[in-house]
Novice: 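Before I ask anything, let me first share the structure, which is written out below as structure tokens.
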Amino acid sequence: MPSSVIAGTYYDIATARLRIIFVPGLIYDYLDVPENVYKEMKAAGSKGTFLNRHIKGHYKVKKIK
């Protein structure tokens with residue numbers, strides 16, 4: 001199901017970096033995110049809700065753009 005908040009997600013398994021691209025164009029990298037958390041996010045009915053509950057505040061974040 002498409003998200004109204006998240007335009008795209010990319011996961012780098014080698015670095016465990018989860019990149020979130022938001023609809024307005026902002027880009028954030030979440031660091032040291034386990035692969036299973038990324039897979040759960042992909043399968044979630046609401047990616048925005050999953051992000052808020054399970055990723056934000058749980059992993060270090062770096063604003064890219």
Side-chain angles (χ1 to χ4, degrees):
M1 175 178 202
S3 173
S4 62
V5 177
I6 298 172
T9 60
Y10 300 94
Y11 185 74
D12 183 343
I13 195 167
T15 62
R17 182 190 71 201
L18 172 61
R19 177 163 285 182
I20 306 287
I21 302 168
F22 291 91
V23 171
L26 297 171
I27 301 171
Y28 288 87
D29 282 352
Y30 290 86
L31 310 175
D32 301 318
V33 177
E35 184 179 10
N36 68 305
V37 173
Y38 170 64
K39 287 180 178 180
E40 289 172 14
M41 182 177 182
K42 282 182 60 174
S46 171
K47 290 168 183 40
T49 299
F50 187 92
L51 176 70
N52 288 329
R53 289 186 183 163
H54 303 286
I55 296 176
K56 283 185 176 179
H58 298 276
Y59 301 98
K60 290 183 182 179
V61 63
K62 180 179 177 184
K63 185 176 182 180
I64 303 301
K65 177 181 171 190

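Values in this document were obtained by computation on a predicted structure and should not be read as measured data. Heads up: numbering here begins at 1 and tracks the sequence.
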Novice: Which residue, Arg17, Lys62, Lys65, forms the salt bridge (charged side-chain N to carboxylate O under 4.0 Å, His left out) with Asp29?
Specialist: Arg17
Novice: Quick one: closest heavy-atom pair of Pro34 and Tyr11, and the distance?
Specialist: C-OH, 3.4 Å
Novice: What distance do His54 atom NE2 and Thr49 atom OG1 have between them, rounded to the nearest 0.5 Å?
Specialist: 9.0 Å
Novice: So if you build clusters from Ile, Leu, Val, Met, Phe, Trp, Tyr with side-chain heavy-atom gaps below 4.5 Å, do Val61 and Ile20 land together?
Specialist: yes
Novice: Once you round to the nearest 0.5 Å, how far does CG of Leu51 lie from NE2 of His58?
Specialist: 10.0 Å
Novice: Would you check, one step at a time, whether the test side-chain contact (heavy atoms from CB on, under 4.5 Å) holds for Tyr59 with Leu31?
Specialist: CA-CA 6 Å; Tyr59 301 98; Leu31 310 175; 5.9 Å; no
Novice: Transitively linked via ILVMFWY side-chain contacts under 4.5 Å: Tyr30 with Leu26?
Specialist: yes
Novice: To the nearest 0.5 Å, how far apart are CG in Asn36 and CE in Met41?
Specialist: 13.5 Å
Novice: If we only count heavy atoms from C-beta on, is the Tyr10 to Ile21 side-chain gap below 4.5 Å?
Specialist: yes
Novice: Quick check: is Val33 connected to Val5 through a chain of hydrophobic side chains (ILVMFWY, heavy atoms under 4.5 Å apart)?
Specialist: yes
Novice: Hey, does Ile6 have a side-chain heavy atom less than 4.5 Å from the side chain of Phe22?
Specialist: yes
